[in-house]
Amino acid sequence: FTISCYFNERPVVGSIHSLFGCGCVSQITLFTERRNMTPDLDTKDRCFKALLIWSNLVIACCGIALMAMCIFFISDRGGLYVLVYATGNDSIWRGAWIGLFTGFALFCTSIFGMHAIAVSKRNILLAYILLMVIIYAFEVASAITAATHKDWFVPNLFLKQMLQNYNKPLPYNLPSTQDQIYVINGITETWNRFMTESKCCGVYGPKDWVKYESYFRQQNTDADYPWPRQCCQQDAMGAISHLEACKIGVSPFLHAQGCYDYIAGPLIRHCFGVSWFGFAILCWTFFVMVGVIFHYTQLDF
Amino acid sequence: MALLFYVVLCLSVRTGLGQIVPVNNTPAIIPFSLAGKLTSNSVILMSPSCYFDSLTSLSCTSATCEIWLVPAIDTGVSTYDADKTISNIDSLSPYPTAFSSNTSKKYFLTKLGLQKDYLCPIVNGPNYFRVGSDGACSTTNCNGVLPVGSTARFKYVLINPATRTVVAESLWSNNIPLYSLKDPGSIDDGLAGRSAAMIVITSILCSFLALLLLLLLILLIYVLCCRKEKQEIQVPGSVRMYDTHNLKGPSPYVNPAYEDEPQRTTATNPIRLKSYADYDLTKPATEL
């Protein structure tokens, strides 16, 4: 490029070095100012990239935590699945399964994203953005499923299943009745286990067995079996402490409280964890994605 | 002869009349809050201790008098009151037929035990009595279950086992309604209502997902469209082809005016300024 300069009222044409003696300081300083501006752009750009990389690290950690939490819920230590399956509302398990795979996918993709942002190549970053949007959509599905199906858990739901299925006579063992047999056996065994281990009786209390018609009520007299023997206090060997007192309903010998808290507690925690933790991860991921998309538009073509 | 026999019978019956001594006690359900005191076909009543102890000059003693319970439903109360003076009262309405049809007597009698076992105050032994503990039994005076969901009244009576007549009785209890078994299919297990948490999560996440998809769409359009525009600039020969201030690959500028000079400038051999007349580079220059 040429910089024109005047000396003794005549234009002088020369190189940069020769113009020092010419006095065209303004244009030279302009040149040096441009030189100093570029490191500031670099710093801002680097800070933003570092922020995005750190955000992806957070997403990776959250993804692994989500996966671990969903594994814990799916493993169903309390044996509640059959009770929920009988009501037809077992979609919270589907939400947890989606959350499990989404958590792992978030972990892998955000590690990839950290690399993609560090390299800042257009194609790799675009691939990262597309993958994250797909995973985002699935995690939205998981969180909404868990949040929606939590509303269905009321005590009457389990009461109805208990009365209609506890000790129900099994149908013939055919391929078409396997589901019924599974439900009947599962509910009977689960309730027996709950009433013995958690020291409770019925959903609201022992009166559930007395007030409502049920297969159990048809099979047993009110005086002898007002409620199942599992509601009676048992000693360590499994023998009933005082049968007559249990039949009347004297307090320590009969478990007077209802089992609903023991059933609903783990289920509500399951739903709470999958839905709200998923929600938190997705809120964070949304802002990270907006940042990455903005960073993508700033890359040189 | 037959008339004499009839008169003697009438007299003996008349001496039986009016001999039922009423006591001022009312049977009731046990007052404690126990889960099993009332079911659909059984009741737990307080035992009749202290009921009949104040009576004297009865035809039986406390060692021989028997305490019996009379559960009655609907019209059974008045039917029993009409029947109570008849001897062999305990077999007048056997349990299996007591509630079998609309015209049956609707009461029955069941034995608790000897009066001496129910002295007051209670020292040991149960101070309650469970009506219906024998279930659906078939003997005449068994402690069978009441009809499901019926409203029953109870009365304790003292019976002389020798004559099988009632010698003393308590008052009728109040109406005690038994539970009528509800159908579990009628339990309302429907949705209680959408919680606030569900609405917050669903609405916010759906809007975030929509925004993200929109941003992605805009980005893809931006990538596809703007990429072509940038490529058009790179046409060789265009005035704007050169880039000023090429900082990535700075190359030293070579002034064509000094191309013919073989030497590089040094401190001891600096460039001498030359002046061209009338901007004409072809004419020789004068050194300044």
Side-chain angles (χ1 to χ4, degrees), chain A residues 1 7 10-18 21 34-35 38 87 126 129-130 133 136-137 140 143-144 147-148 150-152 154 156-157 159-160 163-164 205-207 210-214 217 221-224 226-227 247-250 254 256 275-276 279 282-283 286 289-290 293 296-297 301, chain B residues 32 34-42 44 128 130 132-136 145 179 181-185 187-189 191-195 197-198 200-202 204-206 208-209 211-213 215-216 219 222-223 226-227 230-231 244-245 247 253-255 257-258 265 271 273 275-276 279 288:
Chain A
F1 62 90
F7 187 82
R10 271 192 286 178
V12 171
V13 179
S15 71
I16 300 170
H17 308 282
S18 62
R34 294 291 303 261
R35 258 209 126 127
T38 48
T87 68
L126 188 64
I129 292 172
L130 284 173
V133 170
Y136 195 94
V140 166
I144 291 180
T148 315
K150 182 164 77 100
D151 293 341
W152 288 91
V154 290
N156 278 351
L157 191 66
L159 179 66
K160 194 168 185 176
L163 293 169
Q164 288 179 332
K207 288 244 172 96
V210 161
K211 283 194 207 167
Y212 289 95
E213 178 66 49
S214 60
R217 185 80 277 130
T221 61
D222 275 24
D224 202 25
W227 31 75
K247 287 191 210 172
I248 297 169
V250 180
L254 168 73
S275 62
W276 281 106
F279 176 77
L282 289 172
C283 283
F286 175 75
M289 291 306 296
V290 167
I293 288 176
Y296 183 84
T297 58
F301 280 94
Chain B
F32 316 111
L34 299 176
K37 65 182 183 182
L38 190 66
T39 73
S40 62
N41 55 22
S42 72
I44 300 183
Y128 65 88
R130 186 166 213 162
S133 59
D134 286 344
V145 289
Y179 289 130
L181 291 177
K182 294 186 227 172
D183 178 24
I187 297 174
D188 177 24
D189 59 347
L191 187 62
R194 290 293 174 200
S195 60
M198 174 255 164
V200 163
I201 288 178
T202 308
I204 292 182
L205 287 185
C206 284
F208 274 176
L209 182 63
L211 275 174
L212 203 59
L213 286 173
L215 282 175
L216 182 69
L219 178 73
Y222 182 70
V223 164
C226 295
R227 193 169 269 208
K230 286 279 182 176
Q231 280 173 351
T244 59
H245 306 291
L247 305 164
Y253 175 71
V254 179
N255 191 339
Y258 294 92
T265 59
I271 285 184
L273 287 177
S275 174
Y276 289 91
Y279 303 99
L288 297 173

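Only a predicted model underlies this, so the values are computations on that prediction, with no experimental measurement involved. Just so we're on the same page: letters track the sequence lines, and every chain starts at 1.
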Heavy atoms only, distances under 4.5 angstrom: which of A/V210, A/I248, A/L282 has the most pairs with chain B? Name it, please.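 Going by pairs under 4.5 Å, I would pick A/I248.
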Using a cut-off of under 4.5 Å on heavy-atom pairs, state which of A/L126, A/L163, A/T148, A/I129 scores highest against chain B.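 It is A/T148.
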Heavy-atom distance under 4.5 Å between the side chains of [X] and [Y], does that happen here?
X      : Y      : answer
B/S42  : A/T221 : no
A/Y296 : B/V223 : yes
A/T87  : B/D189 : no

Distance check, rounded to the nearest 0.5 Å: [X] atom [atom1] versus [Y] atom [atom2]?
X      : Y      : atom1 : atom2 : answer
A/R217 : B/S40  : CZ    : OG    : 6.0 Å
B/L205 : A/Y136 : CG    : OH    : 6.0 Å
B/I201 : A/W276 : CD1   : CH2   : 4.5 Å
A/D222 : B/N41  : CG    : CG    : 4.0 Å
A/K247 : B/L34  : NZ    : CG    : 15.0 Å

Please state whether the side chain, the backbone, both or neither of [X] comes within less than 4.5 Å of a heavy atom of chain A.
X      : value
B/L219 : side chain
B/I44  : side chain
B/L213 : side chain

Is [X] close to chain B through its backbone or its side chain, or both, or neither, when contacts mean heavy atoms under 4.5 Å?
X      : result
A/L254 : side chain
A/D224 : neither
A/V250 : both
A/A137 : both
A/K160 : both

Return the option, out of [options], with the maximum number of heavy-atom pairs under 4.5 Å with chain A.
options                        : value
B/L212, B/T202, B/D188, B/L216 : B/L212
B/A192, B/G132, B/G185         : B/G185
B/P184, B/G193, B/A197, B/G135 : B/P184

So, the side chain of A/D151 versus the backbone of B/R194: is there a donor-acceptor pair under 3.5 Å, distance only?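 No; judged by distance alone, with no hydrogens or angles, the pair does not exist.
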Nearest heavy-atom pair of B/F208 and A/C283: which atoms, and what distance?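 Minimum heavy-atom separation between B/F208 and A/C283: CE1-SG, 3.6 Å.
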